[in-house]
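Lettering of chains follows the sequences in order, A, B, ..., and the numbering in each one begins at 1.
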2 protein chains.
Amino acid sequence: MSDEAWSPPAVLLAVDLVILTLRDSRLSVLLVERGIEPHQGDPALPGGFLQHSCEDLRAAAIRELNEEAALDASRLHLEQLGTYGTPDRDPRGRVVSVAYLVIAPALPEPIAGTDAADASWTPVEEILSGDRRLAFDHEEIVTDGVERARNKLEHSPLATAFCDKTFTISQLQQVYEAVWGVELDPRNFYRKVQAVPGFIVSAGTERRSTRGRPARLFRAGSRTTLHPPLVRPDPPNPKEEER
Amino acid sequence: MSDEAWSPPAVLLAVDLVILTLRDSRLSVLLVERGIEPHQGDPALPGGFLQHSCEDLRAAAIRELNEEAALDASRLHLEQLGTYGTPDRDPRGRVVSVAYLVIAPALPEPIAGTDAADASWTPVEEILSGDRRLAFDHEEIVTDGVERARNKLEHSPLATAFCDKTFTISQLQQVYEAVWGVELDPRNFYRKVQAVPGFIVSAGTERRSTRGRPARLFRAGSRTTLHPPLVRPDPPNPKEEER
DNA sequence: CCAAAAGTGTTGCAGATACACCCATGT
DNA sequence: ACATGGGTGTATCTGCAACACTTTTGG
């Protein structure tokens, strides 16, 4: 089982980014058009290889965020999503990819920027439904990222990462509605989020002008876990099963 | 930013295992004593390098499970936990490690087996409290694994992976009590788990003999998510915080 | 004044806790 | 008989969904 002189095989390590945001009330992910083979011309997640052999994984994710999406990592939520290493996932050879999940507030327009003038926001629904195919195993990675985001809304203040530094409660509600794909009662939502200590904190007495009564502004609080959680309503039919 | 002839750096890829089980009502993790430098003689997680450059990650985890722990992967719960790639985590050079979480039912004794006659179960409390130091960043990996297990008990049937193929409800309760470190009311627990469709299904009318009334036996059901969830009681003081 | 959005009060129901109680077996 | 653990019934508590209602703004 163990040879005398054996040395472990090396692999190429890549970092891919699932960058989620809200664009006109729809959960969207940033895609870039691949400029080179393989999968040239296909939409794919932003990402790339480790730059040098001692680059930290998270640092590499932050670097790609700047290069490919022209986004500033400080201010954004960034967490490791998972590692994808099926042997045949890249035709060039053995490439193992560490995926990161990034949550960004709504931004002006695509992204005037650097490497990726071809970057574009795509509603995740198009990908989850299979209408739009991505390069490599990136569809699976997006699916996992969306799933992670949906679950974390319940137990963490992740939703605030979709908002600007200050936000109204109804803006926060729109995040939950878009990510979960449900409708919520604004009156109950209003009290529910305020009942969670440390979730949101009042941000002065400022007001923004729309039609109707002006709303109070809030900032994200310091809490990292939500007690009690914001429970997601059962969507369809949780029928009785085997016992 | 992009050189003409540049090729991405290769790294060494390892797989580490956090194998959790219950031993006399305590949540425990399998550790092996390192036989070689670095950290020779220190306790560490079972694991090792990818064997050949096209070995699948999950397959490598299963192989290590056999070699180092003499455990049969079919029958055990195994899921990816996370990837640890701090540049200086291994003094031999750049090693990135993909950690897997394994849940095993209580087993006879340490592990008569192969490579690892020196394998031993250690209560996780000794590690979380900092009393026992592990090689590399393995303390962090164990912490993350325990955290993952604690959270998944609420929303998935993970607890059944700690039990034998058939089990009584009070055995299942002991899993929750040991992993969460709380006490639960057996009568309410009894009905709560039965109220979740597809969580556990009755396994014949068999009975096991102890003192007291014999209990019914159950098997794990087909459900992968629990509706409603088994909520963990608040442990300490969720005091009011900033608003 | 009216429409629209923010914010408050109240009620009824569902699920959970706490605990009294009954059941089946070993010694 | 009685100790021990399995299992059931039920009163009470609590949180939440539902929705009527008030407040504050723009047009």
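- Rounded to whole angstrom, the span from the CG atom of B:L184 across to the C1' atom of D:dG7 amounts to 17 Å.
- The shortest non-hydrogen separation linking A:R219 to A:T166 is CG-CG2, 4.1 Å.
- Using modelled atom types, one finds no donor on one side chain facing an acceptor on the other under 3.5 Å when comparing B:Y84 with B:D16.
- Side chain of A:H138 to backbone of A:A44: no donor-acceptor contact under 3.5 angstrom is found.
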Name each donor-acceptor pair under 3.5 Å that joins a side chain in residues 25-33 of chain B to protein atoms two or more places apart or in another chain, with its distance.
{"residue": "B:S28", "atom": "OG", "partner": "B:R26", "partner atom": "O", "Å": "3.2"}

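- Among A:V15, A:I141, A:L17, the one residue that satisfies the side chain to side chain contact (heavy atoms under 4.5 Å, CB included) test with A:L45 is A:I141.
- At C:dA6, one or more side-chain N or O atoms of A:S170 fall inside 4.0 Å of OP1 or OP2 (strictly under the cut-off).
- Taking every side-chain heavy atom of B:R213 into account, C:dA24 is the closest of C:dA6, D:dT24, C:dA24.
- If you take CD of A:Q194 and P of D:dC16, they are 14 Å apart, rounded to a whole angstrom.
- Applying the salt bridge (charged side-chain N to carboxylate O under 4.0 Å, His left out) test to B:K152 and every residue at least two apart in sequence or in another chain returns B:E79.
- What separates CZ of A:R232 from P of D:dA17 is a distance of 15 Å, to the nearest Å.
- For the pair A:F189 CZ and C:dT8 C1', the computed distance is 17 Å after rounding to whole Å.
- Under a 3.5 Å cut-off, the side chain of B:E126 and the backbone N or O of B:P123 do not form any donor-acceptor pair.
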Readout for nucleotides 12-18 of chain C: B = base within 4.0 Å of protein heavy atom, S = sugar-phosphate only, - = neither; 5' to 3' it is -----BB
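- Distance CG/B:L230 to CD/B:Q173: 11.0 Å, rounded to 0.5 Å.
- For the pair B:Q171 CD and D:dG5 C1', the computed distance is 13 Å after rounding to whole Å.
- From one end of the helix from C:dC1-D:dG27 to C:dT27-D:dA1 to the other, with five pairs defining each end axis, the axis direction shifts by 0° (rounded to 10°).
- Regarding contacts with the backbone of C:dT8, a side-chain N or O of A:Y190 is found under 4.0 angstrom from either OP1 or OP2.
- A:Y176 is linked by a ring-ring contact (aromatic ring centres under 6.0 Å, His included) to A:W180, A:F189, counting only residues two or more places apart in sequence or in another chain.
- Between B:S74 and B:D72, the shortest heavy-atom distance links the atoms OG-OD2, 3.0 Å.
- Annotation: proximity of residues 155-164 of chain B to DNA chain C (heavy atom, distance under 4.0 Å) is found for no residue.
- Of all heavy-atom pairs spanning A:D164 and A:P105, the tightest one is OD1-CB, 3.8 Å.
- Rounding to whole angstrom units, CD of residue B:Q173 and C1' of D:dG5 are separated by 11 Å.
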